[in-house]
Amino acid sequence: MSIRIYNTLTKSKEPFEPITPGKVGIYLCGPTVYKEAHIGHMVGPVIFDTIKRYLTYNGFDVNWVVNITDVDDKLIGQSRERGITMSQVATEMTMDYCANLLAMGVDQITSMPRATENMVEIIQFIEGLIEKDYAYESSGDVFFDVQKDRQYGKLSNRSADEQQGEGGGAAAKKRSASDFALWKSAKAGEPAWDSPWGQGRPGWHIECSAMSRRLLGESFDIHGGGLDLMFPHHENEIAQSECCHGKPMAKYWMHNGLLRSGEAGKVGGRGERESDATDSVEQAASGKMSRSAGAGGLRDQLAKHGGEKIRFFLLKTHYRSTVVYSEAALDEAAIALDKFYVFFDRYERITSRSYYLAAGDDRKLVRRREEHDDSDTSGLLAEVKGYRDAYLAKMDDDFNSGGAVSELFNLLGSLNKFADQQNLEESAKRSQSDLDQFCRGVEVLRELSAILGLFLKPVASSAAGGSEETLDKLVQTFIRMRADARQNKDFALSDRIRDELTAAGVTLEDRKEGTTWRLG
RNA sequence: GGCGCCGUGCCCAAGUGGUUUAAGGGAGCGGAUUGCAAAUCCGUUAUUCAUCGGUUCGAAUCCGAUCGGCGCCUCCA
């Protein structure tokens with residue numbers, strides 16, 4: 001079974017065959033860094049981070065590029081508003097973006113080129129288009145001549161004359177309304193770069209054509225981005241690159257679904273949105289996730305929920321679907337995730353080792369899928385293999401992370417059941433061979449979840465550093481007091497101790513070999 | 001208006017021609033376990049996949065119509 005990818009260009013799933021065997025080039029359209037990111041900006045990075053992990057797991061050498069747009073009208077606007085330079089705005093917001101990516105576990109990006117650092121390449125690219133007569137200069141501006149591109153509109157299935165293009169002052173300079181800017185002349189006081197057409201800055205689309213060529217070549221394997229970028233951005237990228245090079249820009253075009261913000265009280269959903277006659281604030285906020293919709297800062301959301309929860313929440317659903325973001329939906333994801341965290345504690349009780357060390361270091365986790373030893377097919381391991389095969393089949397099918405997650409739950413259930421039945425928590429009753437089987441099953445769980453970028457390292461406890469130890473001592477004291485009460489059959493007192501701890505956020509669990517506790 | 005996407009149990013969600021008389025998670029209910037819980041396990045909640053027609057030996061999966069939702073056509077990921 002090989003990997004298949006849904007290609008927007010052909011509207012069908014196609015077998016994945018990279019242009020150069022063994023190597024994969026991916027370009028993902030990144031952010032315009034003028035304001036702090038919101039959760040919607042993380043959908044693409046999270047899914048492509050997962051895609052890269054999966055391709056690496058399958059033995060490919062992946063080069064993943066995410067661009068940073070650091071010159072643009074909105075950036076200029078921010079710099080004026082805040083009284084700092086455009087470059088300062090960009091640097092600040094790029095750092096914010098990168099910090100958010102890391103918090104979400106996105107650490108697979110190979111390079112993040114900035115538009116302003118690629119001016120030479122951009123200008124050369126525009127010159128090439130002018131030479132080939134696909135672009136023209138018009139009093140300091142340069143436009144792409146859409147009429148010259150016979151194939152224009154093939155990605156989004158539109159014809160050139162349907163497109164409005166930029167209006168305003170630029171319209172008068174254009175040969176036809178659908179032409180779009182490659183280079184914009186600078187007005188007084190705007191950041192500008194020297195060019196053959198005078199002082200100015202690049203248009204929105206050209207940086208992606210120029211930087212992808214520099215870093216990935218004239219033709220590369222996968223180009224990705226949000227569904228909203230399909231038109232006009234990606235269409236224009238195709239026009240620029242393919243007219244310039246005379247060959248396909250990217251073999252596979254992938255578009256992720258967009259995030260919507262949902263109203264409180266509803267878990268989410270693809271379809272309905274309740275519409276009241278009154279135009280309430282809540283209603284205005286329920287809809288497309290965008291900066292204007294008051295989606296809430298990602299920074300706050302990350303602080304509140306943690307990156308792993310949000311990542312899991314996004315990966316639970318197929319990347320091409322619309323996801324509705326709400327607190328209720330996130331709470332549900334948290335409950336589901338907890339099943340794994342609870343199991344990791346169980347693993348630790350059984351083996352006296354941290355789950356996070358179960359299969360060596362992280363690099364070993366992302367090994368080639370062929371490296372499996374399936375010679376041992378005894379009871380548990382046969383089941384484990386079944387779930388692993390199902391998991392990989394789901395991922396092979398257009399990176400169906402939602403389906404893959406369900407196999408993770410199946411695997412988890414299998415491991416819990418085995419631990420129950422073979423009394424693995426009671427050292428006197430268990431057998432070494434059962435323990436070995438169990439550990440090998442857990443290694444598979446760790447390996448498969450690593451593909452999704454989950455459970456790679458312990459989630460930072462809400463209690464900071466040193467106070468963690470103090471908290472444990474404190475809780476242990478209560479546990480001892482409660483144990484005494486239980487000895488004396490004073491259940492009223494023992495229950496009160498437990499209830500009050502629960503109210504304080506500490507859950508107790510009585511086990512054969514003693515009482516344990518956890519937060520939450 | 002043009003171009004697309006979607007409608008699966010109480011909620012979320014995979015599946016897109018037969019191995020599915022439909023995964024997985026949440027919620028509910030019943031049971032095992034527990035002093036009672038928590039956690040875990042077992043059972044249970046869609047003869048049905050918006051509706052109506054059609055194609056087919058066979059459809060949630062293909063085609064058409066209808067209803068409902070969503071996105072893009074404005075430099076929003």
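Worth saying up front: this structure is predicted, and the values here are computed from it rather than measured. Chain letters run A, B, ... following the sequence lines, proteins first and then strands; every chain starts at 1.
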**Student:** Expressed as a whole number of angstroms, how long is the span from A:L392:CG to B:A14:P?
**Tutor:**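 So the two atoms are 19 Å apart, to the nearest Å.
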**Student:** Rounded to the nearest Å, what distance is computed from the CG atom of residue A:L227 to the C1' atom of nucleotide B:G4?
**Tutor:**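 Value for this atom pair: 8 Å.
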**Student:** Does the pair A:R496/A:D490 count as a salt bridge with the N-to-O cut at 4.0 Å?
**Tutor:**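 No salt bridge links A:R496 with A:D490.
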**Student:** Would you write the dot-bracket representation of RNA chain B, where each base gets (, ), [, ], | or . depending on whether it forms a Watson-Crick or G-U pair under 3.5 Å and with which partner?
**Tutor:** ((((((((.[[[..)..(.....]]]((((((.......))))))....[[[[[..)....]]]]])))))))....
**Student:** Measure from the side chain of A:T32, starting at C-beta and using heavy atoms only, and say which of B:A77, B:G35, B:G25 lies closest.
**Tutor:**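 Per side-chain heavy atoms of A:T32, the pick is B:A77.
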**Student:** Just how far, in rounded Å, is P of B:C3 from CE of A:M230?
**Tutor:**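 These atoms are roughly 13 Å apart.
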**Student:** Check the distance between B:C72's P and A:L155's CG and give it to me in whole angstrom.
**Tutor:**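 Rounded to whole Å, this separation is 16 Å.
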**Student:** Of all the nucleotides listed (B:C36, B:U40, B:G71), which has the minimum atom distance to the side chain of A:L258?
**Tutor:**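 Closest nucleotide among those given: B:G71.
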**Student:** Nearest nucleotide by nearest heavy atom, which residue falls closer to the 5' end of RNA chain B, A:K316 or A:S406?
**Tutor:**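 So the residue in question is A:K316.
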**Student:** Check the phosphate of B:G15 against A:N400, side-chain N and O only, distance under 4.0 Å to OP1 or OP2. Yes or no?
**Tutor:**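 For A:N400, the contact criterion (side-chain N or O under 4.0 Å from OP1 or OP2 of B:G15) is met.
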**Student:** With a cut-off of under 6.0 Å to the ring centre and 45° to the axis, is A:R158 in cation-pi contact with A:F231?
**Tutor:**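 Checked: cation-pi criterion met.
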**Student:** Side chain of A:T317: nearest nucleotide among B:C3, B:G25, B:A14?
**Tutor:**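 For the A:T317 side chain, the nearest candidate turns out to be B:A14.
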**Student:** Distance check needed: B:C3 P versus A:K154 NZ, whole Å only.
**Tutor:**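 Whole-Å distance recorded here is 20 Å.
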**Student:** Whole angstrom is fine here: how far is it from CG in A:D490 over to P in B:C36?
**Tutor:**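 After rounding, the gap between these two atoms is 16 Å.
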**Student:** Does the base of B:G26 carry an N or O that pairs as donor and acceptor with the side chain of A:D331 under 3.5 Å?
**Tutor:**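 Checked by distance alone, the answer is no.
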**Student:** Just to confirm, is there a sub-4.0 Å distance from OP1 or OP2 of B:C42 to any side-chain nitrogen or oxygen of A:K417?
**Tutor:**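 For B:C42, OP1/OP2 do have a side-chain N/O of A:K417 under 4.0 Å.
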**Student:** Can you tell me if A:S321 touches the phosphate of B:A14, counting only side-chain N or O atoms and a distance under 4.0 Å to OP1 or OP2?
**Tutor:**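 Checking A:S321 against B:A14: at least one side-chain N or O falls below 4.0 Å of OP1 or OP2.
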**Student:** Are any of the side-chain nitrogens in A:R311 or A:D49 under 4.0 Å away from the carboxylate oxygens of its partner?
**Tutor:**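 Here A:R311 pairs with A:D49 in a salt bridge, since their nearest N and O are under 4.0 Å apart.
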**Student:** Which of the following nucleotides, B:A37, B:U16, B:A77, is nearest to the side chain of A:K13?
**Tutor:**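 Nearest to the side-chain atoms of A:K13, counting from C-beta on, is B:U16.
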**Student:** Less than 4.0 angstrom from a charged side-chain N to a carboxylate O is my criterion; do A:R299 and A:D96 meet it?
**Tutor:**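 Yes, charged N to carboxylate O under 4.0 Å.
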**Student:** Answer yes when A:D495 and A:R482 have at least one side-chain N-carboxylate O distance shorter than 4.0 Å, and no when they do not.
**Tutor:**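 So A:D495 does not pair with A:R482 through a salt bridge.
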**Student:** Give me the atom names and distance for the closest heavy-atom approach of A:S406 to A:K394.
**Tutor:**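 Looking at all heavy atoms of both residues, the shortest contact is OG-NZ, 3.9 Å.
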**Student:** Tell me the interatomic distance from A:R320, atom CZ, to B:C70, atom P, rounded to whole angstroms.
**Tutor:**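 Value for this atom pair: 21 Å.
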**Student:** With a 3.5 Å cut-off and no angle check, do the side chains of A:E237 and A:S209 form a donor-acceptor pair?
**Tutor:**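 The answer is no; no qualifying pair exists.
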**Student:** To the nearest 0.5 Å, how far apart are CZ in A:F180 and CG in A:D145?
**Tutor:**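 Separation between the atoms: 10.0 Å.
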**Student:** If I take atom OH in residue A:Y6 and atom P in nucleotide B:G15, what distance separates them, rounded to the nearest angstrom?
**Tutor:**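 It works out to 13 Å between those atoms.
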**Student:** On RNA chain B, nearest-nucleotide positions of A:L229 versus A:L412: which is more 5'?
**Tutor:**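 Checking each residue's closest nucleotide, the 5'-ward one belongs to A:L412.
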**Student:** Nearest to the side chain of A:N410 - B:G4, B:G24, B:U40?
**Tutor:**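 Closest of the options to the side chain of A:N410: B:G24.
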**Student:** Side chain of A:N157 only, heavy atoms from C-beta on: which candidate in B:A77, B:G4, B:C41 is closest?
**Tutor:**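 Between B:A77, B:G4, B:C41, the one nearest the side chain of A:N157 would be B:G4.
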**Student:** Test for a donor-acceptor pair under 3.5 Å between the base of B:C36 and the side chain of A:R498, counting only N and O atoms.
**Tutor:**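 Under the 3.5 Å cut-off, the side chain and the base do form a donor-acceptor pair.
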**Student:** When rounded to the nearest 0.5 angstrom, what is the spacing between CH2 in A:W517 and CZ in A:F478?
**Tutor:**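 Separation between the atoms: 12.0 Å.
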**Student:** Hey, is A:D72 close enough to A:R201 for a salt bridge, meaning N to O under 4.0 Å?
**Tutor:**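 Here A:D72 does not pair with A:R201 in a salt bridge, since their nearest N and O are not under 4.0 Å apart.
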**Student:** Does anything in residues 506-514 of chain A come within less than 4.0 Å of RNA chain B? Heavy atoms only, and list the residues if so.
**Tutor:**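 By residue number: A:T507, A:L508, A:E509, A:D510.
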**Student:** Under 3.5 Å, is there an N or O donor on one side and an acceptor on the other linking the side chain of A:R482 and the base of B:G35?
**Tutor:**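 When only heavy-atom distances are counted, A:R482 does reach the base of B:G35 through a donor-acceptor pair under 3.5 Å.
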**Student:** OP1 or OP2 of B:C41 versus the side-chain N and O atoms of A:N416: is any pair under 4.0 Å?
**Tutor:**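 Yes, such a contact exists.
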**Student:** What's A:K339 touching, base or sugar-phosphate or nothing? Going by heavy atoms closer than 4.0 Å.
**Tutor:**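 Sugar-phosphate only.
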